[in-house]
Student: 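Please see the structure below; I have some questions.
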Amino acid sequence: MKLRLSLAVPVAVVSGVVTLLAFFIRVEPLTTVFPVLLQWAATLAAIALLAGIVNLMSVHIRKVSAFSAGWAYSAVLVIAFVFVIFMWLLGYAAAFAPDEPTRADVIKLSQESLNVAFQFVQTPVEASLSALLVVVMVLAGARLIRARRHWSAVLFILVSLFLLVSLAPLGPLSFAQGLRDLLIQPLAMGAARGILLGIALGAVATGLRVIIGVDHPYGD
Amino acid sequence: MTIASLLGLGLAGMMAVLIIGVGLWARNPERSKMLGLRPVDAFNDLPQKAGESIEGGTRIHVSLGAGAVGTETTTGALAGITVLESIADAATISDKPPVVTAGDGAAAMLAQETLRRAYERQNAAERYDHLSGRMAGPTPLSFTVGAMTTLKDENVSTSLLIGSFGNEVALMADAGWGENAHQIIGTDNAQAQAAAYVTADETLLGEDVYASGAYLLGGKPFHRASLHAQDVARLLIIAALFIGALLKLVGII
């Protein structure tokens, strides 16, 4: 473990410093090393994604085999995964078809199956979830006052309601435009920029701790 | 090299020097106490809530968000890993070890490594289950659904969603609310922080997402130092903005 870490820390620090410097300074040999490091990172990320998918399947296969809570949903996921992978591989297997018409049929079957899976299953399900988000946010807003008895929660709800009503095409409320602009432009935008500045500095500090080697999430 | 690049490199360099310098200085516990921290409710309550989960025989869920290691959301996942580190030692003695969800294979591997090390420190390596750290889904919405399922099926009583989340974090929080779980949300997405404010029990706003190491883990000196480096950098940026606005006002630039 100690040996592994004694290698990992210098490699991480040197890679991090080189990448950081190459981002700002365009001189040799940094400009040559920079894309190579990025390519290595992309390759490693692809391998990590594969490992992640194996991990995802392992979790669900274990749930199905143990009949633990929600196993039926896991079974659907595993079956859908196997189906999509099979149909995708079928497209490549078409190269081994005995003649051209069969090859074309197999490729068409593969592509249409994948289209059905993405266009008529994944896209509508994700769109429905996004729509559900609106309902969840309204319900959460109603719960907020009860859950958090604080003046900031009351202010949050009042401002949200005001903005919703003032954005509606209601003639008598047109007077509210000035107040709405005041809330959105200088106040909300100013606060959002302050928060973004904080997030950016926090991200830089977190990255720097890893780059200079005082934080190593990859080992003790 | 442009002026913008020079300023960016200078700022990063200054922060790195401050983190190392102040961090080394603050390794002495007496000096470390001199680096004051403002109270953050979420961090104050976290050890108690984690303890209640462990004693109650329920599970702690840590989610690192849909961000991927190697992209601009890497630091979000690292912030989640720091929180996981802070609770892992205590949580691994529980009958129900913590469960971690991530939206990326590399982040899931980092979570597994963090948990494995915690079990090793407790001399209980044989109890480590590599599937406790898992990838819940490869896209933001599939990850959300996977994490929601985990919240429902794994008897979770404390849910810490610290990482890179979009507005869909509200769906996860709603699932946690349905399970009566105590939820702390911190995200690197400013818009999603508003969604988190409405749906979570406690929310980490702005840079607080990245501050967990200074408050938890016994207040690591380099983490405390990095908060002060951020404050110095923020003051410099505010001064630059102010001077820029003033120069614009008088017509010099």
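By convention in this document, chain letters (A, B, ...) are assigned in the order of the sequence lines, proteins followed by strands, and residues within each chain are numbered from 1. What you see is a predicted model; the values in this text were computed from it and never measured.
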Student: For B:Leu131, is it the side chain, the backbone, both or neither that has a heavy atom under 4.5 Å from a heavy atom of chain A?
Tutor: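 Looking at B:Leu131, backbone and side chain both touch chain A.
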
Student: Side chain, backbone, both or neither: which part of A:Ile53 has a heavy atom under 4.5 Å from chain B?
Tutor: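 Contact with chain B: backbone and side chain both.
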
Student: Shorter than 4.5 Å, heavy atoms on both sides: which option in B:Thr199, B:Val145, B:Leu141 has the most such pairs with chain A?
Tutor: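 Greatest number of close heavy-atom pairs with chain A: B:Leu141.
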
Student: Which bit of A:Ser160 is near chain B, if near means a heavy-atom gap under 4.5 Å: side chain, backbone, both or neither?
Tutor: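 No part of A:Ser160 comes within 4.5 Å of chain B.
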
Student: Assess the side chains of B:His223 and A:Asp215: does a donor N or O sit below 3.5 Å from an acceptor N or O?
Tutor: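 Per modelled atom types, B:His223 and A:Asp215 side chains form a pair under 3.5 Å.
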
Student: Which bit of A:Leu129 comes within less than 4.5 Å of chain B, counting heavy atoms only: side chain, backbone, both or neither?
Tutor: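 Its backbone and side chain both get close to chain B.
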
Student: Under 3.5 Å, is there a donor-acceptor pair linking the side chains of A:Tyr92 and A:Ser110?
Tutor: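 There is no such pair (donor and acceptor under 3.5 Å, judged by atom type) between the side chains of A:Tyr92 and A:Ser110.
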
Student: At a 4.5 Å cut-off on heavy atoms, which part of B:Met15 comes close to chain A: side chain, backbone, both, or neither?
Tutor: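 Contact with chain A: backbone and side chain both.
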
Student: Counting only heavy atoms closer than 4.5 Å, note whether B:Asp201 contacts chain A via side chain, backbone, both or neither.
Tutor: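 Answer is backbone: N, CA, C or O of B:Asp201 sit under 4.5 Å from chain A.
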
Student: So for B:Gln112, is it side chain, backbone, both, or neither that comes closer than 4.5 Å to the heavy atoms of chain A?
Tutor: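 It is the side chain, since no backbone atom gets that close.
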
Student: Under 4.5 Å heavy-atom distance to chain B, tell me which part of A:Ile199 shows up: side chain, backbone, both or neither.
Tutor: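 Contact with chain B involves both backbone and side-chain atoms of A:Ile199.
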
Student: Answer yes if the side chains of A:Arg209 and B:Ser226 hold a donor-acceptor pair under 3.5 Å, and no otherwise.
Tutor: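 Yes.
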
Student: Which atoms of B:Leu205 are under 4.5 Å from chain A, going by heavy atoms: the side chain, the backbone, both sets, or neither?
Tutor: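 Neither part, no heavy atoms under 4.5 Å.
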
Student: Could you tell me which portion of B:Val198 (side chain, backbone, both or neither) has an atom closer than 4.5 angstrom to a non-hydrogen atom of chain A?
Tutor: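 Looking at B:Val198, backbone and side chain both touch chain A.
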
Student: Using non-hydrogen atoms only, which part of B:Ile237 is less than 4.5 Å away from chain A: side chain, backbone, both, or neither?
Tutor: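 Only the side chain of B:Ile237 comes within 4.5 Å of chain A.
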
Student: At a heavy-atom separation under 4.5 Å, does B:Thr74 approach chain A through its side chain, its backbone, both, or neither?
Tutor: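 For B:Thr74, neither part sits under 4.5 Å from chain A.
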
Student: Would you call A:Arg143 and B:Asp174 a salt bridge, using N to O less than 4.0 angstrom?
Tutor: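 Salt bridge present between A:Arg143 and B:Asp174.
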
Student: Report which part of A:Ala41 has an atom under 4.5 Å of a heavy atom belonging to chain B: side chain, backbone, both, or neither.
Tutor: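 Contact with chain B involves no heavy atom of A:Ala41 at all.
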
Student: Considering residues, nucleotides and ligands other than A:Phe156, do more than 12 of their heavy atoms fall under 6.0 Å from its CZ?
Tutor: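 Yes, enclosed.
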
Student: Which atoms of B:Ala229 come close to chain A, meaning under 4.5 Å heavy atom to heavy atom: side chain ones, backbone ones, both, or neither?
Tutor: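 Answer is neither: B:Ala229 stays 4.5 Å or more from chain A.
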
Student: Tell me whether B:Glu113 is salt-bridged to B:Arg116, with the criterion being a basic N under 4.0 Å from an acidic carboxylate O.
Tutor: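 Between B:Arg116 and B:Glu113 there is a salt bridge, with a charged N closer than 4.0 Å to a carboxylate O.
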
Student: Indicate whether any N or O donor in one side chain lies under 3.5 Å from an N or O acceptor in the other, for A:Glu28 and A:Thr32.
Tutor: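 Their side chains do contain a donor-acceptor pair, which is all the 3.5 Å distance test asks for.
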
Student: Would you mind checking which part of B:Asp188 comes under 4.5 Å of any heavy atom in chain A, side chain (CB onward), backbone (N, CA, C, O), both or neither?
Tutor: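 Both parts, backbone and side chain.
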
Student: Measure A:Leu56 against the heavy atoms of chain B and call it side chain, backbone, both or neither at under 4.5 Å.
Tutor: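 Both parts, backbone and side chain.
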
Student: Between B:Ala108 and chain A, which part of the residue has a heavy atom less than 4.5 Å away: side chain, backbone, both or neither?
Tutor: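 Answer is neither: B:Ala108 stays 4.5 Å or more from chain A.
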
Student: Please look at B:Gln193 and chain A and tell me whether the side chain, the backbone, both or neither of the residue comes under 4.5 angstrom of a heavy atom of that chain.
Tutor: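 Just the side chain, heavy atoms under 4.5 Å.
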
Student: Are the side chain of B:Arg59 and the backbone of B:Glu154 linked by a donor-acceptor contact shorter than 3.5 Å?
Tutor: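 Yes; judged by distance alone, with no hydrogens or angles, the pair exists.
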
Student: Is chain A contacted by the side chain of B:Ala136, its backbone, both, or neither, given a heavy-atom distance below 4.5 Å?
Tutor: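 Just its backbone gets close to chain A.
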
Student: Kindly say whether B:Ala68 contributes a backbone atom to a donor-acceptor pair with the side chain of B:Thr73 at under 3.5 angstrom?
Tutor: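 Yes, B:Thr73 side chain to B:Ala68 backbone: donor-acceptor pair under 3.5 Å.
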
Student: Go through the side-chain N and O atoms of B:Thr150 and B:His61 and say whether any donor and acceptor fall under 3.5 Å apart.
Tutor: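 Their side chains do not contain a donor-acceptor pair, so the 3.5 Å distance test is not met.
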
Student: I'd like to know whether CH2 of A:Trp40 has more than 12 heavy-atom contacts from other residues, nucleotides or ligands below 6.0 angstrom.
Tutor: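 Result for CH2/A:Trp40: open.
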
Student: Where does A:Val210 contact chain B at under 4.5 Å (heavy atoms): side chain, backbone, both or neither?
Tutor: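 Only the side chain of A:Val210 comes within 4.5 Å of chain B.
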
Student: For B:Phe143 and B:Phe165, take the angle between the two ring planes, folded into 0 to 90°, and tell me which bin it lands in: parallel under 30, tilted 30 to 60, perpendicular over 60.
Tutor: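 Ring orientation, 0 to 90° scale: tilted.
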
Student: Is B:Asn155 in contact with chain A via its backbone, its side chain, both, or neither, using a 4.5 Å heavy-atom distance?
Tutor: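 No part of B:Asn155 comes within 4.5 Å of chain A.
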
